[in-house]
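Whatever order the structure lists them in is the order used to number ligands and atoms, beginning at 1.
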Amino acid sequence: MPKVPAFHIFPSAKAASTALADEISQLIRSREAEERPTVLGLATGNTPIQLYAELVRLHEEGLSFRNVVTFNLDEYIGVSRENPESYWQFMHSHLFNRIDIVPENIHIPESTVLSENLESYCSSYEDQITEAGGIDLQVLGIGRNGHIGFNEPGASPEVATHATELNSVTIDDAAQAFGGATQVPRRAITMGVKTILGARRITLLAFGTGKAGIVERALNPGITAEVPATYLQSHHDTTFFLDQEAGAQL
Ligand code: PGA
């Protein structure tokens, strides 16, 4: 049965990240014991950086990612892999280059697909998730406007991976990294809300005062397209991992 997401407020972002890394490491180990791969859905942004640092640390202590398959939530359209702001670069520098994941098991939406091929590309991304057995555990952040992935306010819960337009709040939040709002890509490929809700378990990280208001809205009972994170209220196993500041209004 769907239920409003659980939440845990940790003393710090590091403590929350460590708790989620521990959960992921237990999942990987238990599935490995069953000789099954673990399929992770992964997020980018400032929020998961400490989670990835902790997973790298656990790898250095012996956790292997050779049986892990990953699917990233999203990527800017038109930003090549070589671009330092690409999510491809982000994932490789924070995680993939530092663990023993098999490169063929890494999936990040391809940002340079020609526009006439976008639809078939997005549907093939979905097919790959299905062929991998579906996502065991999805990691999410949350935008100040309540987006999850690039599912911006107004997003439908019925849509799977697709190309979308970035919302103005999202563009403003990315402006510094790109050297000004005019430099921020306007479009992205993102897993849809439907894809995200298809994960067996969903975890959402949110840290800092700037996220307190939107976290409160996301957990306030009532689903609205204006706050896409409220769609998580229709999922049966979602947990928010918060620091004190992000949980201050709960
Ligand atoms: P942030 O982004 O981690 O950089 O705050 C979160 C998001 O937009 O999902």
Between the side chains of Arg57 and Glu60, is the shortest nitrogen-to-carboxylate-oxygen separation below 4.0 Å, so that they form an ion pair?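 A salt bridge is absent here (no side-chain N lies under 4.0 Å from a carboxylate O).
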Identity and distance of the protein heavy atom lying nearest [atom]:
atom: atom 8 (O) of ligand 1; result: His147 NE2, 2.6 Å
atom: atom 6 (C) of ligand 1; result: Ile142 O, 3.5 Å
atom: atom 5 (O) of ligand 1; result: Lys211 NZ, 2.7 Å
atom: atom 4 (O) of ligand 1; result: Asn46 N, 3.0 Å

Side chain of Tyr231, backbone of Ala155: donor and acceptor closer than 3.5 Å? yes
Please check: side-chain N/O of Asn145 versus main-chain N/O of His147, any donor-acceptor pairing under 3.5 Å? yes
Could you tell me whether Tyr76 and Phe150 have their ring centroids closer than 6.0 angstrom?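 Ring centroids of Tyr76 and Phe150 are less than 6.0 Å from each other.
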Who gets closest to atom 3 (O) of ligand 1 by heavy atom: Thr44, Thr47, Asp74? Thr47
Would the number of heavy atoms belonging to other residues, nucleotides or ligands and lying under 6.0 Å from CD of Gln128 be above 12?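 Check passes, neighbour count above 12.
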Show the atoms of ligand 1 that are less than 4.0 angstrom away from any heavy atom in Gly45.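 By the 4.0 Å cutoff, the relevant atoms are 3 (O), 4 (O).
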